[in-house]
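To start, the structure under review is shown below, and the notes come after it.
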Amino acid sequence: MPHATIFFKGGLINASYNCVDRHLAKYKNKTAIHFVPELETDKVEHVTYQELYVRVNEFAAVLKYECGLMAGDRVTLHMPMVAELPITMLACARLGIIHSQAFCGFSGKACADRIVDSGSYYLITMDAYFRGGSLIDHKEKADIAVRRLHKRAGRSRRSWYGSAIPANILKEPDGRRTDVFVNDLLKKYYGVRIEPVPMPAEAPLFLMYTSGTAGKPKGCQHNTGGYLAYTAGTSKYVQDIHPEDVYWCMAHIGWITGHSYIVYGPLAIAASTVIYEGIPTYPDAGRCWKIAQDLDVIFSTPLRQPSGRSGRSVPTSRRSTITTSSI
């Protein structure tokens with residue numbers, strides 16, 4: 001018989017509730033997410049646990065009432081490093097929807113392959129984001145993915161945030177619109193609350209695909225109870241993160257480290273987590289240290305001094321406020 005680890009069989013849990021709702025009584029006015037745009041001229045967004053609760057509920061309402069999604073359904077996310085990404089993940093978890101985040105650097109074809117393999121019906125993406133000081137047209141990748149899906153699997157739908165790039169509205173073969181603007185739909189659900197769905201501890205929380213460099217991408221299913229217990233436990237007892245800490249995992253949410261130590265781990269223990277939109281060397285190699293200093297970050301993993309190829313060292317004054325660790 002194959003080895004299998006089962007966590008609290010018969011128990012019920014909801015990851016969204018554990019990362020958001022249960023902290024409101026004590027930490028509702030505390031920052032849950034510090035979102036740092038790549039452009040230094042843009043304002044840093046500080047999302048409190050109360051605001052996170054509101055936004056997660058409103059987007060969960062969109063998923064439930066506009067998309068008709070329910071527990072066990074699958075949704076593919078192809079989003080950059082923005083605050084809306086963990087909000088979307090937690091909204092899915094609130095309803096028991098299995099999310100599958102594809103790294104935003106992947107092509108439209110790679111995104112389509114993961115949609116088909118996961119059995120997703122909806123693709124949630126974004127029109128644009130900044131990287132290296134340039135505005136990247138991210139929507140074009142979704143357009144490619146959806147066109148491939150039309151050929152391979154018939155009808156599909158897609159929604160995204162924002163409007164920085166003029167919209168090229170895709171349509172179904174029968175003339176119906178493929179694109180759905182999330183910002184437009186959210187207006188209908190301001191203030192709506194969605195009760196978290198109690199899920200079996202062994203119910204899937206998300207799918208994570210390998211990069212595909214060694215062949216066809218392989219999907220790994222992470223179940224709710226065991227995964228959340230592990231990420232919360234390692235955050236608290238291994239990394240010694242406390243609710244009063246500002247923690248920055250300098251990974252990407254498109255990979256398992258980002259899922260675990262940007263989103264679920266820190267939020268499960270009521271810490272403040274940092275999401276940075278861009279690259280660590282924009283506009284110079286001292287950007288990470290500046291962010292850490294401005295936000296009073298006391299802990300980060302993984303981190304490497306961003307010098308080397310640029311030939312520029314980072315001023316000592318920018319390295320004085322951060323502790324580094326690797327797990």
Side-chain angles (χ1 to χ4, degrees), residues 3-34 46-49 52-53 56 81 85-87 89-90 93-94 99 101 196 198-208 220-276 288 291-292 295-304 319-327:
H3 173 73
T5 299
I6 298 175
F7 180 85
F8 200 53
K9 184 177 181 180
L12 297 176
I13 190 173
N14 184 278
S16 180
Y17 175 87
N18 276 275
C19 290
V20 185
D21 301 44
R22 74 187 185 95
H23 303 317
L24 296 180
K26 189 173 182 180
Y27 298 112
K28 69 177 183 178
N29 294 322
K30 176 183 176 294
T31 298
I33 298 171
H34 297 279
H46 307 282
V47 182
T48 66
Y49 272 96
L52 182 62
Y53 171 77
V56 166
M81 290 285 285
L85 176 49
I87 288 169
M89 293 165 62
L90 292 166
R94 195 168 195 83
H99 61 77
Q101 160 70 6
M199 298 297 295
E202 282 294 294
L205 177 60
F206 64 87
L207 301 176
M208 176 65 66
C220 181
Q221 176 178 293
H222 293 262
N223 294 346
T224 308
Y227 173 79
L228 200 61
Y230 178 84
T231 54
T234 51
S235 295
K236 182 174 181 177
Y237 297 112
V238 177
Q239 300 189 74
D240 195 30
I241 304 169
H242 299 266
E244 61 270 21
D245 293 337
V246 178
Y247 175 76
W248 186 9
C249 172
M250 298 171 68
H252 196 289
I253 298 177
W255 304 111
I256 189 61
T257 306
H259 268 53
S260 301
Y261 299 112
I262 297 177
V263 183
Y264 287 110
L267 296 182
I269 60 172
S272 298
T273 187
V274 178
I275 298 176
Y276 172 50
C288 292
I291 293 171
L295 295 178
D296 197 23
V297 173
I298 67 166
F299 207 88
S300 177
T301 178
L303 176 65
R304 185 164 64 105
R319 301 200 299 264
S320 62
T321 62
I322 190 169
T323 302
T324 66
S325 176
S326 186
I327 58 173

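- To the nearest 0.5 Å, atoms OG (Ser272) and CG (Leu295) are separated by 9.5 Å.
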Is there a side chain to side chain contact (heavy atoms under 4.5 Å, CB included) between Leu52 and Val47? Walk through the geometry before answering. CA-CA 6 Å; Leu52 182 62; Val47 182; 4.1 Å; yes

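- Looking at Ser260 and Tyr230, their side chains never come closer than 4.5 Å, going by heavy atoms from C-beta outward.
- Although no hydrogens or angles enter the test, the distance criterion places no donor-acceptor pair under 3.5 Å between the side chain of His23 and the main chain of Tyr17.
- Residues Pro266 and Asp245 form no side-chain contact, since every pair of their non-hydrogen atoms from C-beta on lies 4.5 Å or further apart.
- Heavy-atom minimum distance, Arg94 versus Ser16: NH1-OG, 3.2 Å.
- For the pair Trp248/Ile291, a side-chain contact is recorded, criterion being any heavy-atom separation below 4.5 Å from C-beta on.
- When the side-chain hydrogen bond (donor to acceptor under 3.5 Å, both in side chains) test is applied to His259, no partner is found at least two apart in sequence or on another chain.
- Contact of the Val297 side chain with the His34 side chain is not registered, since no non-hydrogen atoms from C-beta on lie closer than 4.5 Å.
- If you take CH2 on Trp255 and CD on Gln101, they are separated by 10.0 Å, rounding to the nearest 0.5 Å.
- Between Ala251 and Ile262, the closest heavy-atom pair is O-CD1, 3.5 Å.
- Closest heavy-atom contact between Met250 and Cys288: CE-SG, 3.1 Å.
- Looking at every heavy atom in both residues, Ala268 comes nearest to Leu228 through CB-CD1, 4.4 Å.
- At a threshold of 4.5 Å between non-hydrogen side-chain atoms, the residues Val246 and Val274 count as touching.
- Formation of a donor-acceptor pair under 3.5 Å by the His242 side chain with backbone atoms of Glu244 is not found in this model.
- Counted by atom type alone, Gln239 and Tyr261 present zero donor-acceptor pairs between their side chains at under 3.5 Å.
- No side-chain donor-acceptor contact under 3.5 Å links Asn14 to the backbone of Pro198.
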Step by step, would you call Leu90 with Leu267 a side chain to side chain contact (heavy atoms under 4.5 Å, CB included)? CA-CA 10 Å; Leu90 292 166; Leu267 296 182; 4.0 Å; yes

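- A heavy-atom distance below 4.5 Å is not found between the side chains of Leu85 and His99.
- Of the possible polar contacts, none joining the Thr31 side chain to the His46 backbone as a donor-acceptor pair under 3.5 Å is found.
- Below 30°, between 30° and 60°, or above 60°: for Tyr264 and Phe206 the angle between ring planes is below 30°, a parallel geometry.
- Side chains of Glu202 and Lys9 form no contact here, defined as non-hydrogen atoms less than 4.5 Å apart.
- Under the 3.5 Å distance criterion, the side-chain polar atoms of Lys30 are matched with a main-chain donor or acceptor of Ala270.
- Using a distance-only test at 3.5 Å, with no hydrogens or angles considered, a donor-acceptor pair links the side chain of Thr224 to the main chain of Ala203.
- For the atom pair Ile253 CD1 and Met89 CE, the distance stands at 6.0 Å (nearest 0.5 Å).
- Put simply, OH on Tyr49 and CG on Asp21 are 12.0 Å apart, with the number rounded to the nearest 0.5 Å.
- Within the 4.5 Å cutoff, the side chain of Tyr237 has no heavy atoms near those of the Ile269 side chain.
- Scanning both residues, Ala93 and Ala15, for their nearest heavy atoms gives CB-CB, 4.2 Å.
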